[in-house]
Structure formats: C-alpha cells, structure tokens
Amino acid sequence: MEKNIPKSILITGGAGFIGSHVVRRFVAQYSNYKIVNLDALTYAGNLENLKDVQNTANYSFVKGDITDTDFINDLFSRNKFDGVIHLAAESHVDRSISDPLSFVRTNVLGTVNLLNASLELAKNNPNFLFYHISTDEVYGSLGEKGLFKENTPYNPNSPYSASKASSDHFVRAYGETYKLPYIISNCSNNYGPNQFPEKLIPLFIHNIIQNKPLPVYGDGNYTRDWLYVKDHAEAIDLVFHQGKKGETYNIGGFNEWKNIDLTRLLCRLMDKKLNRAEGTSEKLITFVKDRPGHDLRYAIDASKINKELGWEPSVTFEEGLEQTIDWYFENKDWLGHVTSGDYLEYYKKQYQE
Ligand code: NAD
Ligand code: TYD
C-alpha cells in the first residue's frame, strides 16, 4: 500500500467541529510532525475546542482567511508543507440558503487559493498531498432505496452542497490539469463534541436543556446517515496516510435515522439524563415550515474504505449519542460562549414559524 509520511501538515478549519478532532488526533499520534492549524475563527471556529493541545510542541495556530490570496501565498512560501488537509468551510445548509455568496467565497474561492499555493510546493515535493474533506451532500438526494457510491453522479441541491461540489471539481481538475496529487473524501452527517448548536443534534440537546421548542422541519421524515466525529477523524487519518492519490473515498456510519425518530431517541436519552419524567422532552417537538429544497435521504456505501483501508465506525449510535450528550452537559461554559454573539439574532429568524 502507498504510504505517505509527511513532516509538516497544514490543517485548515482546525478550530471548527471536525477539524478540532482531526488536529487533536494528529497532534497526539504524530509527535514527529509539525501541525499548523489555519482558521479564520468565524462564528463556527473556537480555540476553546483545542485548549488541551494549544501548548503542545508539534502544534501551532495561525489565524487567517483562506479567501485572502496574498496571505495564503505568503503562508505557503514561508512553510514548506508536505500535505494539506482542507476542512475550512462554511458548513450549514440553512445559512447557505440565506447567504449563498459567502459559501462561494470560502468554499470555492478559498479552496482554489489553497490549490494554487499547493502547486508550487508539489513541484518540489513528489510526496505532497492535497486532501480535500467533503460531504455526501454533493450527490444530491436519494429516494427510499439505494446508497451513495464513489461513482454516483454529482447532483447538489442546496447552495452549500453546490459550493462543496464545485470545490471537489476544482480539486479533481487540478489533479488532471496540473497533476496536483490529491485525495477527496465525502462523508455523511457527523455528530459529537464541539459541534456548533445550529446543526440538528447539538441544537436539540441545547434546546432540551433550555426547555425550548425542537423545530422539526416538515414532517420529520427525512433521513440522514450519522457518524461519530472521532470515527471520521480516524478515517481521515487513514485516508491521508494510506489512501490512493487521485481517488475518492466515501465515509459513512451505516447508521440511517429519520429525523423524527432520532429526535424522539434524543428526547428519551435527555429525559433520563435530566431526571425528567419520560415524555417530557418530546412535548418540545414542534413541526415547522420545511427547509426549501430539503434533500429526502442521504446514505453512504462505505464499503470501499472498509475493504481497502480496513476502516469501520468504532462506536454504536447509542454510545456516540450518550458520549455527545455527556460532553454538552460537562461543557455548559462552552455552550454559553458559542451561543453569545450573533447566535440569538440568527435563531430569532429561524424560530419565526
Ligand atoms: P464547522 O463549520 O464546524 O467549521 C468550519 C471551520 O472553518 C471553522 O473553524 C471556521 O472558523 C473555519 N473557516 C470558515 N471560513 C473560513 C475561512 N474563510 N478561512 C479560514 N477558516 C475558515 O464545519 P465542520 O462541520 O467541522 O466541517 C468541516 C469540513 O467537513 C467542511 O469542509 C464540511 O463541508 C465537511 N463535512 C462536514 C460534515 C458535517 O456533518 N459537519 C460532514 C461531511 C463533511
Ligand atoms: P443539519 O444538522 O442541518 O445537517 P444537513 O442539513 O447538512 O443534513 O440537518 C440534519 C437534518 O435535520 C436535515 O434533514 C434538516 C433537519 N433539521 C430539522 O428538522 N430542524 C433543525 O432545526 C435543523 C437544524 C435540521
């Protein structure tokens, strides 16, 4: 199997949800690497996510915006990265519906800036790798049956998925046109510690704690395939080190849930955790207006990464959810900090139904 053993790695978006788990994993596993975390610290990025690694010798943080071409070129000329793991992005579908341009800026232009800067490094380093982290949402929506495979045609439906699809295409195009060594992985919905409480699971945990309504879009019969974030970080580690250049890997949890069933499970677990009578949290469920262009179902066929790299999820959904709930209980300060600022403003708009 092809092995890539780099020394200096740039991780973009490392202060965000998935990025912070990837940074923590790499800092802990590879003491001989130099890990540079580049993040603009938007509303979704928070250095509190990395408190435990901030003073580690093989780790450093750079605040900066991937859309700033001069800044990126300068950073790359001063650091001879052997690899880039690119996670920085605008990541929330609902925000992409109200502000598509910022998704084009960060997800498309930002990615192209990184690709351009990477070309120079790849010229002088045959082991260079640009590893692009993407989503299964680029494939569009499944009906009741079927799974997304690596060769499923792209058919994005939201501004978010359209911007991620575009960035995936640019990565592939740089591979074809300029021979930039790359890998792309497309993953299903992640959940776990450090996720900003605007996505379904952390938002509903937050609202149950606060006794606020749980806004289920439409009839709740939409399906997502959920993966614990630490299992995604492990998959990223494997793909980065052992994946085949020029290939795509689909990563998923083999774990499909309808939103309404997941919400009810979460309510039951939270009632126990909060010593509330069974059924208390379910009363918070409120069906609200559907998301425009709402994709019915996502589900990943992860057999390629399973067969080729031996990866599979390590925790069951019940275990992962319990660990996630425990984390939010133990980190109420974190929740308080990230929900200050523009959070309330944003959610006033969301809860108008
Ligand atoms: P996130 O929103 O939690 O974090 C994104 C990070 O990127 C933040 O730290 C933010 O500050 C940073 N960032 C945003 N714009 C930037 C810019 N212009 N310059 C530099 N940094 C910037 O996102 P996430 O959920 O951790 O997702 C990370 C990546 O994984 C994204 O590329 C996303 O598309 C992909 N992904 C996410 C999921 C999921 O379920 N969350 C699933 C599959 C793939
Ligand atoms: P989300 O966590 O935003 O991830 P994505 O849209 O990228 O899949 O949403 C997961 C599912 O939950 C999706 O079908 C939309 C739905 N949803 C709600 O019903 N209510 C909510 O408040 C949110 C944020 C999402």
Side-chain angles (χ1 to χ4, degrees), residues 11-23 37-47 49-50 62-68 71-72 85-97 102-103 105-107 109-111 113-114 132-138 141 158 160-161 163-164 167-168 185-192 194-204 207 213-227 229 232-233 236 250-253 257-260 262-263 285-291 293-298 300 338 347 350-351:
I11 299 180
T12 71
F17 166 48
I18 301 171
S20 60
H21 291 277
V22 175
V23 167
N37 171 16
L38 163 64
D39 199 296
L41 300 181
T42 68
Y43 79 93
N46 184 352
L47 288 179
N49 296 346
L50 290 165
V62 179
K63 183 168 189 279
D65 190 329
I66 59 168
T67 67
D68 181 342
F71 163 75
I72 290 295
I85 305 180
H86 175 36
L87 296 110
E90 288 293 339
S91 67
H92 187 40
V93 173
D94 294 328
R95 286 183 190 253
S96 81
I97 294 169
S102 65
F103 284 67
R105 273 189 218 105
T106 288
N107 299 359
L109 295 178
T111 300
N113 270 337
L114 293 168
H132 180 61
I133 307 302
S134 192
T135 164
D136 61 353
E137 303 190 24
V138 298
S141 182
S158 71
Y160 165 64
S161 55
S163 69
K164 290 297 290 187
S167 64
D168 292 11
S185 57
N186 297 83
C187 188
S188 63
N189 287 61
N190 285 216
Y191 69 97
N194 297 125
Q195 189 169 30
F196 189 81
E198 63 183 353
K199 307 272 169 64
L200 182 76
I201 290 179
L203 174 68
F204 283 15
N207 286 11
L214 308 178
V216 173
Y217 298 161
D219 59 6
N221 283 317
Y222 294 88
T223 300
R224 298 293 182 262
D225 170 0
W226 293 95
L227 177 66
V229 64
H232 189 192
I236 288 173
N250 279 356
I251 304 169
W257 284 80
K258 284 200 162 143
N259 293 341
I260 188 63
L262 164 53
T263 303
I285 293 177
T286 312
F287 291 95
V288 300
K289 193 175 81 179
D290 212 346
R291 172 189 279 173
H294 199 165
D295 285 333
L296 178 67
R297 178 171 163 257
Y298 304 142
I300 282 276
V338 303
Y347 278 100
Q350 297 293 309
Y351 289 146

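Counting convention: from 1, in listed order, for ligands and their atoms alike. Basis for what follows: all heavy atoms, side chains included, without hydrogens, waters or symmetry-related copies. All residue numbers in this chain count up from 1 along the given sequence.
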Taking the side chain as every heavy atom from C-beta outward, state whether [X] and [Y] have any pair of such atoms under 4.5 Å apart.
X	Y	answer
Val93	Glu137	yes
His21	Asn190	no
Phe71	Leu38	yes
Asp219	Ile260	no
Asp94	Glu198	no
Pro197	Phe204	no
Thr67	Thr106	yes

What part of Asn186, side chain, backbone, both or neither, has a heavy atom within less than 4.0 angstrom of ligand 1?
->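 Neither; no heavy atom under 4.0 Å.
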
Mode of His92 contact toward ligand 1 - side chain, backbone, both, neither (heavy atoms, under 4.0 Å) |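 Neither part.
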
Sub-4.0 Å atoms of ligand 2 with respect to non-hydrogen atoms of [X]:
X	result
His92	3 (O)
Val216	19 (O)
Pro215	18 (C), 19 (O), 20 (N), 21 (C), 22 (O)
Leu203	22 (O)

Can you report which non-hydrogen protein atom sits closest to [atom], along with the distance?
atom	value
atom 21 (N) of ligand 1	Ala40 N, 3.1 Å
atom 4 (O) of ligand 1	Gly16 CA, 3.5 Å
atom 3 (O) of ligand 1	Phe17 N, 3.1 Å
atom 28 (C) of ligand 1	Leu87 O, 3.5 Å
atom 19 (N) of ligand 1	Ile66 N, 3.0 Å
atom 40 (O) of ligand 1	Asn190 N, 2.8 Å

Taking only non-hydrogen atoms of [X], do any sit less than 4.0 angstrom from ligand 1?
X	value
Ser134	yes
Tyr160	yes
Gly14	no
Ser188	yes

Suppose I only count heavy atoms of [X] and a 4.0 Å limit; which atoms of ligand 1 are within that range?
X	value
Gly45	8 (C), 9 (O), 11 (O)
Asn189	40 (O)
Gly64	19 (N), 20 (C)
Leu41	11 (O)
Cys187	42 (C), 43 (C)
Ile133	30 (O), 32 (O)

Relative to [atom], which among [options] owns the nearest non-hydrogen atom?
atom	options	result
atom 24 (C) of ligand 2	Glu198, Glu137, His294	Glu198
atom 10 (C) of ligand 1	Ile251, Thr42, Ile300	Thr42
atom 11 (C) of ligand 2	Asn259, Val288, Asn190, Asn221	Asn259
atom 37 (C) of ligand 1	Leu227, Thr111, Thr106, Ile18	Ile18
atom 9 (O) of ligand 2	Lys199, Arg291, Gln195	Arg291
atom 32 (O) of ligand 1	Gln195, Glu198, Lys164, Arg224	Lys164
atom 9 (O) of ligand 1	Asn49, Leu114, Asp39	Asp39
atom 5 (C) of ligand 1	Ala88, Ser102, Ala89, Ala44	Ala89

Give the minimum heavy-atom separation between [X] and [Y], together with the two atoms involved.
X	Y	value
Ile300	Ser188	CG1-CB, 3.9 Å
His92	Phe103	O-CZ, 3.3 Å
Thr12	Leu87	OG1-N, 2.9 Å
Tyr217	Val288	CD2-CG2, 3.6 Å
Phe196	Pro202	O-CG, 3.5 Å

Check: [Y] main-chain N/O paired with [X] side-chain donor or acceptor under 3.5 Å:
X	Y	answer
Asp225	Tyr298	no
Ser20	Gly14	no
Lys164	Asp136	no
Asp39	Lys63	no

Below the 3.5 angstrom mark, is there an N/O of [X], backbone or side chain, next to an N/O of ligand 1?
X	answer
Leu38	no
His232	no
Asp65	yes
Ser91	yes

At a 4.0 Å cut-off, with the gap strictly under it, does some heavy atom of Tyr298 reach an atom of ligand 2?
->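 Yes, Tyr298 has heavy atoms under 4.0 Å from ligand 2.
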
Who passes side-chain hydrogen bond (donor to acceptor under 3.5 Å, both in side chains) against Glu90, sequence neighbours left out?
->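 Scan of Glu90 (side-chain hydrogen bond (donor to acceptor under 3.5 Å, both in side chains), adjacent residues dropped) gives none.
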
All side-chain hydrogen bond (donor to acceptor under 3.5 Å, both in side chains) counterparts of Asn189, not counting sequence neighbours =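 For Asn189, no residue satisfies side-chain hydrogen bond (donor to acceptor under 3.5 Å, both in side chains) once neighbours in sequence are set aside.
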
Decide whether an N or O pair under 3.5 Å exists between Asp94 and ligand 2.
->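 No, there is no polar N/O contact under 3.5 Å.
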
Is Leu200 close to ligand 2, meaning an N/O of one under 3.5 Å from an N/O of the other?
->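 Between Leu200 and ligand 2 (N or O atoms, distance only) the closest approach is under 3.5 Å.
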
Is Arg95 close enough and on-axis enough to Tyr43, meaning under 6.0 Å and within 45°, for cation-pi?
->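 Geometry flag: set, cation within 6.0 Å and 45°.
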
Residue pair His132 / Thr111, side-chain donor-acceptor N/O under 3.5 Å =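 His132 vs Thr111: no donor-acceptor pair found between side chains.
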
Supply the atom-to-atom distance Asp68 CG to Asn113 CG, rounded to the nearest 0.5 angstrom.
->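 That separation rounds to 8.0 Å.
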
